[in-house]
Amino acid sequence: MTIAVLGAGAFGTALAISLAQRGPVLLWARDAAHVAEMQESRRNTRRLPGAVLPECLTVTAEITDAAGCEVVLLGVPMQKMGRFLSENAALLDGKVLVSCSKGIDLATGRGSVELIEAACPGARAAVLTGPSFAADIARGLPTALTLACRTDSPGLQARLSTPTLRLYRTTDTIGAELGGALKNVIAIAAGVVIGANLGDSARAALMTRGFAEMNRLAMKLGARPETLMGLSGFGDLVLTCTSLQSRNFRYGIALGSGADFDPGVTVEGAATAKAVTRLAQGHGIDMPIAAMIAALCAREISVSDAVTALLSRPLKEE
Ligand SMILES: NC(=O)c1ccc[n+]([C@@H]2O[C@H](COP(=O)([O-])OP(=O)(O)OC[C@H]3O[C@@H](n4cnc5c(N)ncnc54)[C@H](O)[C@@H]3O)[C@@H](O)[C@H]2O)c1
Ligand SMILES: O=P(O)(O)OC[C@H](O)CO
């Protein structure tokens, strides 16, 4: 049975390429001109240059082509997910919907599982997350991800694993989602540290204290500690805070160094920092790094004031 991937960004395209090792895959993009380009060149030069689209991957601009697909991967950016789901609810309800996006919806404070359940109550919602750059997946480099679904889903795990994409499964959707969403915020902070030339020691301190914040919020919201210690939390935090392949990290470097940054690049951590700060305030959780990143992204504070504010907090036990 064909698997559908909706959203032909870097990640959706990379997953479609990897899954096409196992059988037919449908890749949908909203822009007909982009689809025509991909059909002609068998490449997605706009979002994933270099990768070739295999033969059993069909690219389409008709979302209704996914009607017959039982498993549908969602690769649209998080801040577009809520509207996308409600616009396409009639098509998507009743299917297995696997969110591949990382973030918290600013308008509602919800993660993608809650967005799916609200828009498509008859669907089974799952999350695919963890340390993975689209370019690495498309090149067939070994990658391990977390697949989270409220009901234990070994069948879905087997269906979405490929020879190079190894999935670990969990029923902790809250932890899996929050790990992927929150690490982007801390990655921006790590980038700020490097961009402002504050050094590798400061980055390690920030990653550690950032991980403590991630855990505080995730535990309050019902996540399991082992999920945050796994691929979607610790694993993705390490990757995203240390690699120049990360857009969140590079955005942070630009903020820290005062350089310009292309506004067309997807940086999920910026909106999520604001959403997380609201959530943390609502639950009485202390998240000083996320709050500083939200303020920095909104240009409400300077880098040096943010650093001073973080370093002058009262001394406390670790
Ligand atoms: N790129 C990666 O390495 C990577 C890895 C893991 C997870 N992710 C996650 O995947 C999600 C998507 O990221 P990406 O890297 O593919 O982004 P991208 O910037 O490469 O592409 C985003 C795509 O979404 C499309 N899009 C935007 N709004 C849409 C809408 N309303 N309807 C349909 N399509 C729409 C755009 O046309 C574009 O093709 C993000 O949440 C990101 O965190 C990305
Ligand atoms: O490029 P980024 O910062 O969106 O990171 C991509 C992935 O989330 C890394 O796991």
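In listed order, ligands and their atoms are each counted from 1. In this chain, residues are counted from 1 in sequence order.
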Please could you name the atoms of ligand 2 that Thr240 approaches to less than 4.0 Å, counting only its heavy atoms? 3 (O), 9 (C)
Of all the non-hydrogen atoms in the protein, which one sits nearest to atom 20 (O) of ligand 1, and at what distance? Ala10 N, 2.8 Å
Say whether Cys100 and ligand 1 are in contact under the criterion: heavy-atom distance to a ligand atom below 4.0 Å. yes
Main chain of Leu165, side chain of Thr162: is a donor-acceptor contact present, judged purely on distance under 3.5 Å? yes
Per-atom filter on ligand 2: closer than 4.0 angstrom to a heavy atom of Ser246 are 1 (O), 2 (P), 3 (O)
Looking at atom 21 (O) of ligand 1, what's its closest protein heavy atom, distance included? Gly9 CA, 3.1 Å
Please determine if Phe11 has a nitrogen or oxygen closer than 3.5 Å to a nitrogen or oxygen of ligand 1. yes
Using a 4.0 Å cut-off to any heavy atom of Ser132, which atoms of ligand 1 qualify? 3 (O), 5 (C), 6 (C)
Sub-4.0 Å atoms of ligand 1 with respect to non-hydrogen atoms of Glu268: 40 (C), 41 (O), 43 (O)
Can you check whether Val98 reaches Leu74 side chain to side chain, under 4.5 Å on heavy atoms? no
Under 3.5 Å: donor-acceptor pair, side chain of Gln79, backbone of Leu106: yes
Would Lys102 count as being in polar contact with ligand 1, using the rule that some N or O on each side must be under 3.5 angstrom apart? yes
So for Gly130, does at least one of its heavy atoms come nearer than 4.0 angstrom to any atom of ligand 2? yes
Side-chain touch Glu114/Asp105, heavy atoms, less than 4.5 angstrom: no
Could you give me the CA-CA distance, side-chain angles and deciding distance for Arg313 and Asp286, then say whether salt bridge (Lys or Arg N to Asp or Glu O under 4.0 Å) is met? CA-CA 12 Å; Arg313 284 164 49 80; Asp286 194 23; 2.9 Å; yes
Among all protein heavy atoms, pick out the one at the shortest distance from atom 1 (N) of ligand 1; state its residue, atom name and that distance to 0.1 Å. Arg247 NH2, 3.1 Å
Of the protein's non-hydrogen atoms, which lies at the shortest distance from atom 38 (C) of ligand 1, and what is that distance? Arg47 NE, 3.8 Å
Glu268 heavy atom under 4.0 Å from ligand 2: no
Looking only at protein heavy atoms, identify the closest one to atom 27 (C) of ligand 1 and say how far it is in Å. Arg30 NH2, 3.3 Å
Do the side chains of Glu87 and Arg83 get nearer than 4.5 Å, heavy atoms only? yes
I'd like to know if the side chain of Arg43 and the backbone of Pro49 have a donor-acceptor N/O pair within less than 3.5 Å. no
What closest approach, in Å, do Ala119 and Ala89 show between heavy atoms, and which atom pair accounts for it? O-CB, 3.6 Å
Hey, does Ser132 sit under 4.0 Å from ligand 2 if you only count heavy atoms? yes
Please check if any side-chain donor atom of Ser153 sits under 3.5 Å from a side-chain acceptor atom of Arg124, or the reverse. yes
Would you say Ile104 and Leu178 make side-chain contact, with heavy atoms under 4.5 Å? yes
Below 3.5 angstrom, do we get any N/O pair linking Thr266 and ligand 1? yes
Apply the test salt bridge (Lys or Arg N to Asp or Glu O under 4.0 Å) to residues Arg46 and Glu37: give CA-CA distance (whole Å), side-chain angles for both, the deciding distance (0.1 Å), then the verdict. CA-CA 9 Å; Arg46 293 192 193 184; Glu37 256 174 59; 2.8 Å; yes
Which of the atoms of ligand 1 are close to Ala8, meaning less than 4.0 Å from one of its heavy atoms? 39 (O)
Applying side-chain contact (heavy atoms from CB on, under 4.5 Å) between Asp200 and each of Thr242, Ile194, Val193, report the one that passes. Ile194
Counting each atom of ligand 1 from 1 as listed, which ones have a heavy atom of Val76 under 4.0 Å away? 32 (N), 33 (C), 34 (N), 35 (C)
Ligand-residue contact atoms, ligand 1 with Ala134, heavy atoms, under 4.0 Å: 1 (N), 2 (C), 3 (O)
Is a donor on one side and an acceptor on the other found under 3.5 Å between the side chain of Glu177 and the backbone of Lys102? no
Could you tell me, atom by atom, which parts of ligand 2 come under 4.0 Å of a heavy atom of Pro131? 10 (O)
The atoms of ligand 1 lying under 4.0 Å from a heavy atom of Gly75, numbered in the order shown, are 12 (C)
Would you mind running through ligand 2 and noting each atom that sits below 4.0 Å from a heavy atom of Asn248? 2 (P), 3 (O), 4 (O)
Please check this pair: side chain of Thr227 against backbone of Ala176, looking for a donor-acceptor N/O pair closer than 3.5 Å. no
Distance-only N or O hit between ligand 1 and Phe133, under 3.5 Å: no
Where is the nearest protein heavy atom to atom 24 (O) of ligand 1: which residue, which atom, and how far? Pro77 CD, 3.3 Å
Among Lys102, Gln245, Lys183, closest by heavy atom to atom 5 (O) of ligand 2 is Lys183
Is there a donor-acceptor pair closer than 3.5 Å between any side-chain N or O of Arg250 and the backbone N or O of Leu244? yes
Would you call the rings of Phe84 and Trp28 parallel, tilted or perpendicular, where under 30° means parallel and over 60° means perpendicular? tilted
Quick one: look at Phe133 and ligand 2, take heavy-atom pairs under 4.0 Å, and tell me if it's side chain, backbone, both or neither. side chain
Pull out every atom of ligand 2 sitting under 4.0 Å from any heavy atom of Asp236, numbered as shown with elements. 9 (C), 10 (O)
Any N or O of Trp28 closer than 3.5 Å to N or O of ligand 1: no
What atoms in ligand 2 come closer than 4.0 Å to a heavy atom of Leu239? 9 (C), 10 (O)
